[in-house]
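For the single chain, residues carry numbers from 1 onward in sequence order. Both ligands and their constituent atoms are indexed starting at 1 by order of listing.
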Amino acid sequence: MKAVTYHGPVDLRTERVPDPGLLAPTDVIVKVELAAICGSDLHVWHGREVGLDPGTPMGHEFLGEIVAVGKAVTRFRPGRRAVSPFSTSCGDCFYCRGGLTARCEHGQLFGWVERGEGLPGGQAELVRVPLADSTLLPLPSGLAPEAALLLGDVLATGYHCATLAGITPGTTCAVIGCGPVGLMAVLAAAELGAERIYALDSVPERLSRAEQLGGVTGASPEEIVEATEGRGVDAVLEAVGSAQSMQLGFRLVRPGGTIAVVGVHHETGFPFSPGQAYDKNLTVRIGRCPARSYMEQLTPLAHRREDALRRLFTHRVSLEAAPDAYRMFAEKRDGCIKVALRP
Ligand SMILES: [Zn+2]
Ligand SMILES: [Zn+2]
């Protein structure tokens, strides 16, 4: 099959690799109809995240048709279509039962193989999905595939961020970073009734998207603090994953407020001290989204906001064009917000 494979920073290739086969009775094989490039894939592309074996198929956002099922699979048959979250989960361990599927004791991240261990990704013609019964969501009927695809990561992660931030009607918040996840955090904050959602980014296209979703743009950090009677916002939704954005979040949040972090971070410390956090009575909530736990819950929202979700995709390309699309996305060129891949 063809797959987009990793060969080092900035070196992705579309090449032929062996077809995946069933390895466990709980596996299925999915023929990928639609995949996407994620902002977190760029950490690998840039070389900020290292350790991936050369030749690993990339990607963790995909949906498609099931073409083979292991003997123990009960919920899926060949011919059914399903959407995957970015990691597998067993549905039955301590964490899964508590809704924290992101920390499933048997979970694996798609698109990460290190020293031979791990799971090849979904930017490929075929992908093996372990623990299929508890990992996959049957494709919701009547939902556009591009909207359904976002249930598996970007919409779930944005919504998770707004949930961690404790957004309720009347909350004033700031979303830092208006890439796909940040834009979905704006949408989610609006859905949850936030009174004012400041949206911060440096890319004009992203800011105009944020405005369309209910964000207020153009305010400087000083103006935001001033507009909240000098206090700062109730909650910051951080969707970048850098020291600068955490620093900005710390500056914007009011005493007693919350910084909710879904950006993937690689720094060795927080850019504020325990003493500074103490002096702000700060709450920081951080971590990988338990996407599988949100997928059913967010399906009605995905139906209702189907058009807004589909509009997130600015580019639709083949697997062959994926390496160039990564570069375009990384360089934020050509109005690129999100890239769909069609194998
Ligand atoms: Zn993703
Ligand atoms: Zn589990």
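Protein N/O/S atoms found under 2.8 Å from the Zn ion (ligand 1): Cys38 SG, His60 NE2, Glu61 OE2, Asp153 OD2.
Interatomic distance, Thr314 OG1 to Asp334 CG, rounded to the nearest 0.5 Å: 9.0 Å. One finds the OG atom of Ser84 at 9.5 Å from the CG atom of Leu137 (value rounded to the nearest 0.5 Å).
Under the rule for a side chain to side chain contact (heavy atoms under 4.5 Å, CB included), the partners of Ser293 that lie at least two apart in sequence or sit in another chain are Thr101, Pro290. Residues satisfying the side chain to side chain contact (heavy atoms under 4.5 Å, CB included) criterion with Arg316, sequence neighbours excluded, are Glu146, Phe313, Ala340, Arg342.
Counting non-hydrogen atoms of neighbouring residues, nucleotides and ligands closer than 6.0 angstrom, the CD atom of Gln212 exceeds 12 such neighbours. For Glu117, the CD atom counts as loosely surrounded, since its 6.0 Å shell holds 12 or fewer non-hydrogen atoms of other residues, nucleotides or ligands. By the 6.0 Å contact criterion, CZ on Arg288 is enclosed, its count of non-hydrogen atoms from other residues, nucleotides or ligands being greater than 12.
For Phe86 and Phe110, the distance between ring centers is not under 6.0 angstrom.
Nearby protein atoms of type N, O or S around the Zn ion (ligand 2) amount to 4 (distance under 2.8 Å).
Across every non-hydrogen atom of Arg310 and Ala147, the tightest pair is CG-N, 4.3 Å.
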